Amino acid sequence: TNDYRYRGITQTNYLPAIQGGFDYAHESGFYIGNWNSTISWIGDQNPGVTAPIEMDFYGGFKKELIGKGFASDLGVLQYYYPSKGMLTSLSPNTTELYVAQNFTFGPVSGFVKFSYALTTLFGVPNSKGSYYPDLTVNYDTGVWGLTANGHIGYQYIAGQPATVGSAVQSEPNISYTDWKLGLTKDFGEGLSLSASYVSTNANRSWFMTGSNGANNTWAGRGGAVVALTKTF
């Protein structure tokens with residue numbers, strides 16, 4: 001992909017990323033999996049720290065309990081960032097519970113999902129209890145293997161402005177909304193190409209990316225994301 005966006009925020013300072021993972025799903029509905037991506041945001045925000053990879057480990061239960069095309073999903077996800085060096089903030093490692101309901105109505109499919117942080121969220125102080133509801137809708141156009149994609153989500157970040165000791169930090173409410181519109185081309189045999197426009201209304205003074213210098217930029221600005229994916 002040309003840019004790894006997570007909930008609308010660039011994780012690679014608008015540079016390309018290599019991603020991959022695997023899943024094992026049992027016929028009973030239980031599954032486990034791992035997904036990984038190159039990142040730069042932790043090193044960008046913490047000079048002297050090396051943390052080039054995000055590793056996600058997850059497991060849960062997914063089954064068509066309502067009917068065909070309507071899979072219910074419940075699971076837990078651990079975001080793990082192996083790093084070297086001294087972090088200037090809390091550990092970015094995060095654990096979330098999630099529940100999702102998939103749906104299919106003819107050419108329209110998608111899911112509604114709710115994620116809840118059991119720990120602090122990606123190193124933000126006092127953010128345990130943060131949550132992220134989101135909606136994704138896909139429409140199979142029936143033309144040239146193209147599917148239209150739409151997504152909207154709201155990242156609520158708990159405990160803001162944060163209190164550290166007896167001092168209250170000056171940051172305002174940093175919760176935000178993100179959205180995406182795009183197209184996916186299915187070439188068959190597990191190969192697909194996606195292109196989308198991603199943007200947010202994230203706080204410009206908090207969500208920064210770069211190397212703590214003059215080149216720092218807003219990490220939630222609108223932009224194009226193009227990804228080539230192969231599923232085996």
Side-chain angles (χ1 to χ4, degrees), residues 1 3-13 17-23 31-46 48-62 73-100 111-136 151-164 169 171-178 180 198 200-203 206-209 219-220 225:
T1 182
D3 180 14
Y4 171 25
R5 295 287 190 114
Y6 179 76
R7 296 177 182 173
I9 303 297
T10 182
Q11 308 294 291
T12 53
N13 196 12
I18 298 174
Q19 305 172 334
F22 66 91
D23 298 278
Y31 64 87
I32 58 173
N34 163 248
W35 183 87
N36 314 276
S37 178
T38 55
I39 61 167
S40 67
W41 68 272
I42 297 175
D44 290 341
Q45 297 176 9
N46 297 270
V49 173
T50 301
I53 299 175
E54 171 187 328
M55 304 178 71
D56 300 345
F57 302 93
Y58 50 87
F61 177 81
K62 186 175 183 179
D73 188 4
L74 174 67
V76 60
L77 193 159
Q78 175 67 48
Y79 302 87
Y80 175 62
Y81 302 90
S83 61
K84 294 181 179 179
M86 183 67 68
L87 294 171
T88 58
S89 58
L90 296 175
S91 170
N93 298 336
T94 301
T95 305
E96 286 188 335
L97 286 177
Y98 59 85
V99 59
F111 60 86
V112 290
K113 186 176 182 180
F114 183 84
S115 302
Y116 180 84
L118 299 177
T119 63
T120 54
L121 188 74
F122 307 116
V124 178
N126 294 353
S127 58
K128 179 180 178 181
S130 298
Y131 56 81
Y132 183 76
D134 66 303
L135 169 67
T136 294
H151 164 88
I152 187 168
Y154 175 69
Q155 179 64 76
Y156 171 73
I157 302 178
Q160 306 305 307
T163 301
V164 180
Q169 294 182 330
E171 290 83 7
N173 187 342
I174 56 175
S175 301
Y176 69 92
T177 300
D178 71 284
K180 178 182 79 171
V198 179
T200 77
N201 65 354
N203 186 286
W206 176 272
F207 291 95
M208 300 293 291
T209 188
V225 177

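Both backbone and side-chain heavy atoms feed into the values below; hydrogens, waters and symmetry mates do not. This structure is a prediction, so every number in the text was calculated from the model and none was measured.
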Participant: Give me the atom names and distance for the closest heavy-atom approach of Tyr98 to Gly59.
Facilitator: OH-O, 3.9 Å
Participant: Do Tyr132 and Tyr116 come close enough that some side-chain heavy atom pair is under 4.5 Å?
Facilitator: no
Participant: Under a 3.5 Å threshold, yes or no: a donor from one side chain and an acceptor from the other, between Glu96 and Tyr79?
Facilitator: yes
Participant: Using every non-hydrogen atom in the two residues, find where His151 and Thr136 come nearest and quote the distance to one decimal.
Facilitator: ND1-OG1, 3.1 Å
Participant: Under a 4.5 Å cut-off applied to non-hydrogen side-chain atoms, are Val76 and Thr95 in contact?
Facilitator: yes
Participant: Taking the six-membered ring for Trp and the single ring otherwise, decide whether the centroids of Tyr154 and Tyr176 are under 6.0 Å apart.
Facilitator: no
Participant: Between Tyr31 and Lys62, is there a cation-pi geometry (under 6.0 Å to ring centre, at most 45° from the normal)?
Facilitator: no
Participant: Does a side-chain heavy-atom distance below 4.5 Å link Met55 with Pro82?
Facilitator: yes
Participant: With side chains defined as the heavy atoms from C-beta onward, is the minimum distance between Ile32 and Asp23 less than 4.5 Å?
Facilitator: no
Participant: Counting C-beta onward and ignoring hydrogens, is there a side-chain heavy-atom pair between Val225 and Thr1 closer than 4.5 Å?
Facilitator: yes
Participant: Taking the side chain as C-beta and beyond, is there a heavy-atom pair between Thr38 and Pro52 under 4.5 Å?
Facilitator: no
Participant: Are Tyr131 and Tyr156 close enough that their ring centers fall under 6.0 Å?
Facilitator: yes
Participant: Do the non-hydrogen side-chain atoms of Tyr81 and Phe122 ever get within less than 4.5 Å of each other?
Facilitator: yes
Participant: Looking only at the side chains, is there a donor atom on one of Ser37 and Glu54 sitting less than 3.5 Å from an acceptor on the other?
Facilitator: no
Participant: Measure across Asn36 and Asn34 and return the closest heavy-atom pair with its distance rounded to 0.1 Å.
Facilitator: ND2-OD1, 2.8 Å
Participant: Please check if any side-chain donor atom of Thr119 sits under 3.5 Å from a side-chain acceptor atom of Asn93, or the reverse.
Facilitator: no
Participant: Compare every heavy atom of Met208 with every heavy atom of Ala219, then report the nearest pair and how far apart it is.
Facilitator: CB-C, 4.0 Å
Participant: Are the side chains of Leu90 and Val124 in touch, meaning some heavy atoms are under 4.5 Å apart?
Facilitator: no
Participant: Might you point out which heavy atoms bring Thr94 and Thr120 nearest each other, and give the distance in Å?
Facilitator: OG1-O, 3.4 Å
Participant: Testing the 3.5 Å rule here: is there a donor-acceptor pair between the side chains of Tyr4 and Asn13?
Facilitator: no
Participant: Could I get the full list of ring pair (Phe, Tyr, Trp, His ring centres under 6.0 Å) partners for Tyr58, not counting sequence neighbours?
Facilitator: none
Participant: Check step by step if side chain to side chain donor-acceptor pair (under 3.5 Å) holds for Tyr6 and Asp178.
Facilitator: CA-CA 10 Å; Tyr6 179 76; Asp178 71 284; over 6 Å; no
